[in-house]
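Please read the structure below before turning to the comments.
Note that these values count all heavy atoms, side chains included, but never hydrogens, waters or copies made by symmetry. Nothing here was measured: the structure is a model prediction, and the numbers come from that model.
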Amino acid sequence: MLLVFSAVLNLPTLYFSHTEADEQVYLSLAKRLLTSGSYNLEGTEIINQLSPGIYDHPLFFHPPLFPVCLIPFVFWNTERLAVLVSWLGHALCILSVALIGRRMAFANGPDSERNPMIQWLPVIGICLDPLLLFLSGKLWIDSLLTGLCAASIAAFFCARYSQRRSLWLVVGGVLFGLAGLSKMTALILTPVVVYLILTPDGQQQSKTKDLCLGCLPALLLASPWYIAFYHTYVVVIPSWIKPDKWSVEHYPFVQIALERTPAYYFLKLIAIAPVTLLSLGVYCLRKSLWTSRIFLVPPIWFLLCFTTISYLGVQGQGFQMRYIALLIPSIYLMLYAFLGQFRRGYEFISIGVLLLLVYGGMTAAESLATPELDEITSPLEAIGWLRL
């Protein structure tokens, strides 16, 4: 029902036009792959509107999975329907939070097990999440990347408890490999993946076997791209993808993104989804959560993504909210820890949390009403009470 509800919320995005530069880049890459089999922008119309230092190269700097997913829509000339790929990323996030959250809700004890709101509020939250809904209307990699990463972690999480452990490990490895083929930032979550593989719930038969089952599919899927990229440029992480002088001169938005600091991510997260404060606050106040194998995963997920992407921003990549979409599912998984602290009065707490989630949905509605904007804004910013 929540997946259907998410699809209904996203219906207006089917009528969005995709004229933003990055959207045109990915559509042009899909057309180039379809017509010539080359993965670059040589000879395309969009190349004249982009920085030569960043885009005029024989091999595009992001892995090819997202443009490949756009090929059917380009072939059938239904480019507006290509947002279905971004919808898929959001749907995977919803499924992943539901899968992981079911175990986290049960970990809180029999009281919470009898309270369906504790089990489903975080899933409702990620369904209404403003950033994911905002990205669902864009032809950007970030929604699909987030969904694949979340789904891979959910599979590895299920492998810790399931009797079909080997199957879940392989599924997780395949999904993580696909995430690595979407964008290199997926690799930020490698420590979380390894931790989940090596800490099953019960006796582990062979760490080597489990690592092979979980990691080999990912390596087999992703390594050909990274090998080809290294063979072309003799680097794995390209230095030329940072915004340069040409980009700043032609796109004022780039200059704004470069002038921001990591505080922008934190403040904007609170402004668009104030439930973030509850999720982070419970881990600041309850040290016992850091000793739980179940509840340790979400904050590590959040901190790895937040610190690494903030570091990249300080190093010249700039700060845009879509870059941290990767950590959004962890916020709603941490919410399970917050809800699990209340054995009494949870009806009142649940109503309060639900109101915060509805506020996030209002932010999403505003972004759906202004598809021309390239950055999400909160209601507080819209009425002039907050400036970020």
| Knowing that exactly one of K268, K138, R322, R260 qualifies, which makes a salt bridge (Lys or Arg N to Asp or Glu O under 4.0 Å) with E375? | R260
| request: For T363 and I376, work out which heavy atoms get closest and say how close. | output: CG2-CD1, 4.2 Å
| request: Answer yes or no: is there a donor N or O on one side and an acceptor on the other, between the side chain of Y39 and the main chain of P63, under 3.5 Å? | output: yes
| query | Is a donor on one side and an acceptor on the other found under 3.5 Å between the side chain of S6 and the backbone of L2? | reply | no
| said: Main chain of L326, side chain of W301: is a donor-acceptor contact present, judged purely on distance under 3.5 Å? | reply: yes
| side chain to side chain contact (heavy atoms under 4.5 Å, CB included) assessment of Q317 paired with I241 | CA-CA 8 Å; Q317 194 66 46; I241 63 174; 4.1 Å; yes
| message | Can you confirm whether F295 sits close enough to R286 that some side-chain heavy atom of one is under 4.5 Å from a side-chain heavy atom of the other? | response | no
| said: Treating H90 as the side-chain partner and L144 as the backbone partner, does any N or O pair qualify as donor plus acceptor under 3.5 Å? | reply: no
| message | Do L189 and F176 have side chains that approach each other closer than 4.5 Å (heavy atoms only, starting at C-beta)? | response | yes
| Polar side-chain atom of T78 near backbone of L81 as donor-acceptor pair, under 3.5 Å | no
| task | Verify, without hydrogens or angle tests, whether S96 (side chain) and A150 (backbone) share a donor-acceptor contact under 3.5 angstrom. | result | yes
| said: Using 30° and 60° as the class boundaries, would you call the ring planes of F61 and Y55 parallel, tilted or perpendicular? | reply: tilted
| task | Evaluate side chain to side chain contact (heavy atoms under 4.5 Å, CB included) for D210 paired with R165, printing each intermediate quantity in order. | result | CA-CA 9 Å; D210 288 350; R165 176 170 171 78; 2.9 Å; yes
| Stepwise, does the salt bridge (charged side-chain N to carboxylate O under 4.0 Å, His left out) test hold for K183 with D142? | CA-CA 8 Å; K183 207 171 186 179; D142 308 275; 3.1 Å; yes
| task | Indicate if L335 and L99 have the same hydrophobic cluster label, given that clusters are the connected sets of ILVMFWY residues with side-chain heavy-atom separations under 4.5 angstrom. | result | no
| task | Answer yes or no: are there more than 12 heavy-atom neighbours, outside E45 itself, under 6.0 Å from its atom CD? | result | no
| message | Can you tell me how the ring of W225 sits relative to the ring of F229, calling it parallel under 30°, perpendicular over 60° and tilted otherwise? | response | tilted
| query | Shortest non-hydrogen contact from Q119 to R102? | reply | NE2-CG, 3.8 Å
| field | Close side-chain approach of T377 and S367, heavy atoms under 4.5 Å | value | no
| Connected via hydrophobic side-chain network under 4.5 Å: L211 and I153 | yes
| said: Please determine whether ring pair (Phe, Tyr, Trp, His ring centres under 6.0 Å) holds for the pair F319 and Y323, giving the CA-CA distance in whole Å, both sets of side-chain angles, and the decisive distance to 0.1 Å. | reply: CA-CA 7 Å; F319 296 85; Y323 296 162; 8.6 Å; no
| request: Quick one: pull up CG in L92 and CG in L178 and give me the separation to the nearest 0.5 Å. | output: 10.0 Å
| message | Using 0.5 Å steps for rounding, measure from the CD1 atom of I331 to the OG1 atom of T276. | response | 3.5 Å
| query | Would you say S247's side chain and P243's backbone share a donor-acceptor pair under 3.5 angstrom? | reply | no
| message | For the backbone of S288 and the side chain of T291, can you confirm whether one donor and one acceptor N or O come within less than 3.5 Å of each other? | response | yes
| said: Within a 6.0 Å radius of atom CD on E372, are there more than 12 heavy atoms belonging to other residues, nucleotides or ligands? | reply: yes
| task | Answer yes or no on whether R103 is positioned over the face of Y161, meaning its NZ or CZ is under 6.0 Å from the six-membered ring centre and within 45° of the axis. | result | yes
| message | Closer than 3.5 angstrom, by distance alone: can the side chain of H231 be matched with the main-chain N or O of I227 as a donor-acceptor pair? | response | no
| message | Testing the 3.5 Å rule here: is there a donor-acceptor pair between the side chains of Q24 and E20? | response | no
| Do L216 and I197 sit in the same hydrophobic cluster, where Ile, Leu, Val, Met, Phe, Trp and Tyr count as joined when their side-chain heavy atoms come under 4.5 Å apart? | no
| Does L14 reach the side chain of W87, with side-chain heavy atoms less than 4.5 Å apart? | yes
| said: Are L135 and S86 packed together at the side-chain level, in the sense that at least one heavy-atom pair is separated by less than 4.5 angstrom? | reply: no
| message | Would you say that more than 12 heavy atoms from the other residues, nucleotides or ligands in this model lie under 6.0 Å from the OH of Y195, or not? | response | yes
| task | For the residue pair F60 and Y26, categorise the inter-ring angle as parallel (less than 30°), tilted (30 to 60°) or perpendicular (more than 60°). | result | perpendicular
| Between atom OH of Y226 and atom CD1 of I237, what is the distance when rounded to the nearest 0.5 Å? | 9.5 Å
| field | Full working for side chain to side chain contact (heavy atoms under 4.5 Å, CB included) between W290 and L296 | value | CA-CA 5 Å; W290 294 90; L296 181 61; 3.7 Å; yes
| said: Is it true that T13 and N10 share a donor-acceptor pair across their side chains at a distance under 3.5 Å? | reply: no
| query | Can we say K31 and E79 salt-bridge, meaning some charged N sits less than 4.0 Å from an Asp/Glu carboxylate O? | reply | yes
| field | Distance-only polar pair, side chains of E381 and S378, donor-acceptor under 3.5 Å | value | yes
| said: Within the structure provided, determine whether F75 and L34 are in side-chain contact (heavy-atom separation under 4.5 Å). | reply: yes
| query | Going by heavy atoms in the side chains, are Y336 and I294 under 4.5 Å from each other? | reply | no
| remark: Scanning both residues in full, the closest heavy-atom pair of G316 with L258 reads O-CD2, 3.4 Å
| remark: Rounded to the nearest 0.5 angstrom, the CE-OH distance for M321 and Y265 is 8.0 Å
| said: Working to the nearest 0.5 angstrom, can you tell me the gap between L312 CG and I309 CD1? | reply: 7.0 Å
| query | Heavy-atom distance under 4.5 Å between the side chains of L27 and F73, does that happen here? | reply | no
| said: Looking at every heavy atom in both P58 and N40, which two are closest together, and how far apart are they? | reply: O-ND2, 3.0 Å
| task | Please report the closest heavy-atom contact between A98 and V123, naming both atoms and the distance. | result | CA-CG2, 3.9 Å
| query | Short question: side chain of T370, backbone of E366 - any donor-acceptor pair under 3.5 Å? | reply | yes
| field | Closest approach of L356 to P274 (non-hydrogen atoms, all atoms of both residues) | value | CD2-CG, 3.9 Å
| remark: Separation between CG (L289) and OH (Y283), nearest 0.5 Å, reads 5.5 Å
| message | Counting only heavy atoms not in F266 (residues, nucleotides, ligands), do more than 12 fall under 6.0 Å from its CZ? | response | no
| Would L29 and L70 satisfy side chain to side chain contact (heavy atoms under 4.5 Å, CB included), going step by step from the backbone distance to the final call? | CA-CA 9 Å; L29 286 169; L70 300 183; over 6 Å; no
| said: For a quick check under 3.5 Å, do D129 and Y332 share a side-chain donor-acceptor pair by atom type? | reply: yes
